[in-house]
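Taking it in order: structure first as structure tokens, then the write-up.
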Amino acid sequence: LERQLTLATDAESLITLNLRLGEIQLAKLEQAGMAVQTYSRVLEIDAGNETATAALETLLDNEEEQLGVAKILEPAYRSNNQWPRLIQAYEIMVAHSENPEEKLGLLGEIARLQEITGDEQKAFEALGRGLRVDPAHEETQARLDNLARQMGAYAELVALYEEVIPDIVNDELVIAILFKVAQIQEQVLQDPEKAAASYERVMDIDPTNFDSVDYLIDLHRRNNNYEALVAAVVRKSEMVDNVDDRKSLVLYAADVREKIMEDPEGAIDLYQQVLAIDDTDATALDALQALYIQTENWDALKDVYRRKAELA
């Protein structure tokens, strides 16, 4: 056969002889690698040759040969719109790839093909695998977010983002993902407790993150979670540099303690913090005067009267 191949010149003869040689190499001589090369020559002459294609497909489960076979068959699968087989070929390439960028591109293409075939769940799973390869990849994130909207798979999206966070060393990226997670938890999943926990995780990473503390204040205010609201407002007061801003925040926290939570002792503590910032603040002194009368703390009330007299 090899002698005949060297003498053959027309395409039909070359195809016939290579098919016979490939069959012998594969079935009789158990030379899978040689058979791949032989069948590949057939496809170079006749890209749609079914016999060569079928023979090569039997090797897609052969760990040693499957990558080469997948690369040979990929162009034919793509040109013939054979999406399930093309997905199989790409999956083999993903399994063998050690290049994160290449793997990410292949998984993105698998997701696109799964969407074409109408399987959004498998498309989502492929993109999820891509996110694990590179959590910072903006296109992958955008496609995942879009699919989650289409599928209503917000809980799955949050779980996926939560899964990749521990492997990320870039704090800015972690914070960006946590903000996205928190907003989904709050606005879509209607889970203010988990949203608050996500914002708190941002604060753990960046204790001076004003966006996070503002979200926490707004979240707790809207959900009447006054204990957490006071804590968030006081935390923000410790972050700001401007004395008037700091005082205003603590006064607000004290007012919530006093009038909404009906916690005079807690309110007293906060009004005293205001005086530690500005011992001339009339609002804090007036509030403490009323609270000391309410709680019958006469010694403390006497100190307030004395301070007011000094300021008069």
Side-chain angles (χ1 to χ4, degrees), residues 124 127-128 131-132 134-149 151-261 263 266-267 269-270 273-274 277:
F124 186 89
L127 290 170
L131 188 71
R132 294 181 186 96
D134 182 5
H137 196 258
E138 293 182 1
E139 182 183 347
T140 300
Q141 285 193 29
R143 291 178 66 185
L144 276 166
D145 294 347
N146 186 52
L147 264 179
R149 280 192 295 272
M151 300 165 60
Y154 290 102
E156 292 86 344
L157 181 63
V158 166
L160 181 59
Y161 280 130
E162 293 277 14
E163 180 186 338
V164 301
I165 284 174
D167 297 324
I168 303 173
V169 295
N170 185 319
D171 285 348
E172 289 184 4
L173 177 57
V174 173
I175 287 172
I177 291 177
L178 282 171
F179 272 131
K180 183 181 293 189
V181 166
Q183 287 164 12
I184 293 172
Q185 290 167 329
E186 178 185 356
Q187 298 170 16
V188 183
L189 300 178
Q190 302 293 306
D191 193 335
E193 288 187 11
K194 287 186 177 179
S198 294
Y199 290 129
E200 290 286 357
R201 290 168 68 185
V202 173
M203 298 298 296
D204 290 340
I205 298 169
D206 178 10
T208 63
N209 193 292
F210 281 95
D211 286 338
S212 185
V213 76
D214 285 339
Y215 280 126
L216 279 168
I217 290 170
D218 182 60
L219 179 67
H220 294 318
R221 182 189 291 119
R222 285 188 286 104
N223 287 279
N224 299 328
N225 189 355
Y226 297 115
E227 189 71 42
L229 171 62
V230 168
V233 171
V234 171
R235 179 185 295 184
K236 184 174 181 180
S237 75
E238 296 167 352
M239 295 163 57
V240 299
D241 295 324
N242 183 279
V243 172
D244 290 336
D245 290 341
R246 191 184 313 150
K247 188 169 64 171
S248 176
L249 287 163
V250 181
L251 281 170
Y252 173 75
D255 190 64
V256 172
R257 278 275 185 211
E258 178 186 359
K259 298 175 182 175
I260 299 178
M261 299 176 68
D263 176 11
D269 180 65
L270 288 167
Q273 289 184 42
V274 174
I277 299 170

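For the single chain, residues carry numbers from 1 onward in sequence order. Quick caveat, the model's predicted, so the values are computed rather than measured.
With sequence neighbours excluded, no residue forms a side chain to side chain contact (heavy atoms under 4.5 Å, CB included) with D204. With sequence neighbours excluded, the residues that form a side chain to side chain contact (heavy atoms under 4.5 Å, CB included) with A253 are V230, V233, V234, L270. Annotation: side chain to side chain donor-acceptor pair (under 3.5 Å) contacts of R235 (sequence neighbours excluded): E200. With sequence neighbours excluded, no residue satisfies side chain to side chain donor-acceptor pair (under 3.5 Å) with D245. Looking at residues two or more places apart in sequence or on another chain, you find a side chain to side chain contact (heavy atoms under 4.5 Å, CB included) between K180 and Q141, D145, Y161, I184. In this view, E238 satisfies the side chain to side chain donor-acceptor pair (under 3.5 Å) rule with no residue, not counting sequence neighbours. In terms of the ring-ring contact (aromatic ring centres under 6.0 Å, His included) criterion, Y252 has no residue partners (sequence neighbours excluded). Looking at residues two or more places apart in sequence or on another chain, you find a side chain to side chain contact (heavy atoms under 4.5 Å, CB included) between E156 and F124, A153. Partners of N223 according to the side chain to side chain donor-acceptor pair (under 3.5 Å) rule, which considers only residues two or more places apart in sequence or in another chain, do not exist here.
Taking CG from D218 and CD from E186, the interatomic distance works out to 7.0 Å, rounded to the nearest 0.5 Å. Atom CD1 of I205 and atom CD1 of I175 lie 5.0 Å apart (nearest 0.5 Å). A distance of 11.5 Å separates CG in D134 from CD in E139, rounded to the nearest 0.5 Å. A distance of 11.0 Å separates CG of L127 from CZ of R132, quoted to the nearest 0.5 Å. A distance of 12.5 Å separates CD of E172 from CD1 of I177, quoted to the nearest 0.5 Å. The OG atom of S212 lies 10.0 Å from the CD1 atom of I217; values are rounded to the nearest 0.5 Å.
Taking all atoms of both residues into account, the shortest heavy-atom contact from M203 to L216 is CG-CD1, 4.2 Å. Heavy atoms only, all atoms of each residue included: A148 and L157 are closest at CB-CD2, 3.7 Å. Nearest approach of A267 to A254, heavy atoms of both residues: CB-O, 3.8 Å. Across all their heavy atoms, V181 and S198 have their closest contact at CG1-OG, 3.7 Å. Considering all non-hydrogen atoms of both residues, G128 and L160 come closest at CA-CD2, 3.5 Å.
Dense packing is recorded around CD of Q183, with more than 12 heavy atoms of other residues, nucleotides or ligands lying under 6.0 Å away.
Residues in residues 251-261 take part in these salt bridge (charged side-chain N to carboxylate O under 4.0 Å, His left out) pairs, two or more places apart or across chains: E227-R257, D255-K259, R257-D263. Residue pairs meeting the ring-ring contact (aromatic ring centres under 6.0 Å, His included) criterion with at least one member in residues 210-241, sequence neighbours excluded: F179-Y215, Y199-Y215.
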For residues 189-197, which side-chain donor-acceptor pairs fall under 3.5 Å, sequence neighbours excluded?
| residue | atom | partner | partner atom | Å |
| --- | --- | --- | --- | --- |
| Q190 | NE2 | Q187 | O | 2.9 |
| D191 | OD1 | K194 | N | 3.2 |

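Between the side chain of R246 and the backbone N or O of D241, at least one donor-acceptor pair lies under 3.5 Å.
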